[in-house]
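The block underneath contains the structure these notes are about, expressed in structure tokens.
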There are 2 protein chains.
Amino acid sequence: MSDTTPPELPATASQGPLSYAIFQLARAHRGLAAAMLRAMNLHPGQELLLMRLFDRDGQTQAELLEHVGLDHSTVSKALRRMQEAGLLTRTPAPHDRRAMVVHLTDAGRALRQPIADMWRDLEEISVRDLTADQVAVFTECAHLVERSVRERDRPASAE
Amino acid sequence: MSDTTPPELPATASQGPLSYAIFQLARAHRGLAAAMLRAMNLHPGQELLLMRLFDRDGQTQAELLEHVGLDHSTVSKALRRMQEAGLLTRTPAPHDRRAMVVHLTDAGRALRQPIADMWRDLEEISVRDLTADQVAVFTECAHLVERSVRERDRPASAE
DNA sequence: AGCAATTACTTGGCTAGCCACATAAGAAGT
DNA sequence: ACTTCTTATGTGGCTAGCCAAGTAATTGCT
């Protein structure tokens, strides 16, 4: 304790450089994504649901939920707003009247290419100043950190 | 329905692996931070403001703002809630009656060590499965990506 | 059967975070 | 002095995201 308690603690970054870097990077990255999505009248996170539906239309909320990993209520509200925006429909499943099957509308399908372009632009900007090696290491490390964090967050999670 | 399914576009991850990794990592990381902060009756982001005040008490909102990089309204509201929670006080600056000087209360100062411990635990968990080299590369890359993204977000020096 | 547990989803309530607008006060130009 | 201009902060409105509680339908257990 005699070497780590100077009267002038620099800042938050020194206490946890990696955590702080994640925090700042996430906010900047999300900000750019939000700006790009706003041109399509979308909000951050909605494009992930749409991309899942582009991949396979007609999924239930539970199926979408499992892949994106968000809270039930978050997905439910986001889908309701996207339905009100005319991007998709939610109809009760025929053989399981609890479930709501989500289908894209024409307006929703029309966003497939714009979202793909936007996502590619975002990726290209993010990677711009990195070498291919750095991208590989960064992505690998991101997954490792994510797994550590998730394991700690859910003490009963066994993979 | 009659649309010829493209050769199985995997998912969002393949469109932008790095962006997707950032998104997922950020959510998991923030989730763990939120869980840890909840034990102290804090919310994500508040601890950053407090740590800034631990570093130097009696700053104005504008000074805090510059360092954390959030929107001024976000900081304004967060500080109001933290004041209502008894963690700090906001008093008009004597020589500049626009500015509000933020001072920690005893209750706020009491969180210094708990927050430092929590931040250290979070960092330790995040770094657990990484080598020192990986941490260095990851942090460096995070800053590079953040800079690229911020430059693009603010079209000030576009080529 | 019948009743409990699980699953699927909705709603309410809270904060974070952004934008846009509004207010107030100091600074600067005329 | 009298306007702008800039700065510092507050407020309203929107969505994202979480937790917690509630509803409805399916499954499971006795």
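Numbered from 1 within each chain, the chains take letters A, B, ... in sequence-line order.
- One can place NZ of A:Lys77 at 12 Å from C1' of C:dC9, the figure rounded to the nearest angstrom.
- For B:His43, whose side chain is taken as the heavy atoms from C-beta onward, the closest listed nucleotide among C:dA16, C:dC18, C:dG12 is C:dA16.
- Below the 3.5 angstrom threshold, one finds a donor paired with an acceptor across the side chain of B:Arg98 and the base of D:dT7.
- Regarding B:Asp71, its CG atom lies at a distance of 16 Å from the P atom of D:dG12, rounded to whole Å.
- As judged by a 4.0 angstrom heavy-atom cut-off over every strand, A:Leu70 is placed among residues touching the sugar-phosphate backbone only.
- Base contact: B:Ser73 has a heavy atom under 4.0 Å from a base atom.
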**Report entry** Test side-chain hydrogen bond (donor to acceptor under 3.5 Å, both in side chains) applied to A:Arg27 and A:Gln24, step by step
**Finding:** CA-CA 5 Å; A:Arg27 218 161 36 70; A:Gln24 293 292 348; 2.9 Å; yes
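- Taking atom CD of A:Gln59 as the reference point, atom C1' of C:dC9 lies 16 Å away to the nearest angstrom.
- When the side-chain nitrogen and oxygen atoms of B:Gln61 are compared with OP1 and OP2 of D:dT7, none of them lie within a distance under 4.0 Å.
- Contact annotation: B:Arg81 side-chain N/O to C:dA16 OP1/OP2 distance is under 4.0 Å.
- Rounded to an integer number of Å, the gap from CD of B:Glu84 to C1' of D:dG10 is 13 Å.
- Checking the phosphate oxygens (OP1, OP2) of D:dT15, no side-chain nitrogen or oxygen of A:Gln46 falls inside 4.0 Å.
- Each of A:Val101 and A:Phe23 has a nearest nucleotide on DNA chain C; the 5'-most of these lies closest to A:Val101.
- With rounding to whole Å, A:Leu64 atom CG is found 17 Å from D:dG17 atom C1'.
- Between A:Leu79 atom CG and A:Met100 atom CE the span is 9.5 Å, to the nearest 0.5 Å.
- Rounded to whole Å, atom P of C:dT6 lies 14 Å from atom NE2 of A:His72.
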Query - Verdict with supporting geometry, A:Asp121 and A:Met36, side chain to side chain contact (heavy atoms under 4.5 Å, CB included) - result: CA-CA 9 Å; A:Asp121 289 345; A:Met36 290 174 144; 3.9 Å; yes
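- Computed from coordinates, the B:Arg30 CZ to D:dA16 C1' distance equals 10 Å when rounded to whole Å.
- Contact annotation for B:Asp96: backbone-only contact, meaning every heavy-atom pair under 4.0 Å involves sugar-phosphate atoms and none involves a base.
- Pairs passing the salt bridge (charged side-chain N to carboxylate O under 4.0 Å, His left out) check and including a residue from residues 96-111 of chain B, sequence neighbours excluded, read B:Asp57-B:Arg109, B:Asp96-B:Arg98, B:Asp106-B:Arg109.
- At distances below 3.5 Å, not a single donor-acceptor pair connects side-chain atoms of A:Gln59 with backbone N or O atoms of A:Leu53.
- Neither OP1 nor OP2 of D:dA25 sits under 4.0 Å from any side-chain N or O of A:Arg97.
- Counting to the nearest Å, the P atom of D:dA24 and the CZ atom of A:Arg90 are 17 Å from each other.
- Taking 4.0 angstrom as the limit, A:Thr74 places a side-chain polar atom (N or O) nearer than this to OP1 or OP2 of D:dC18.
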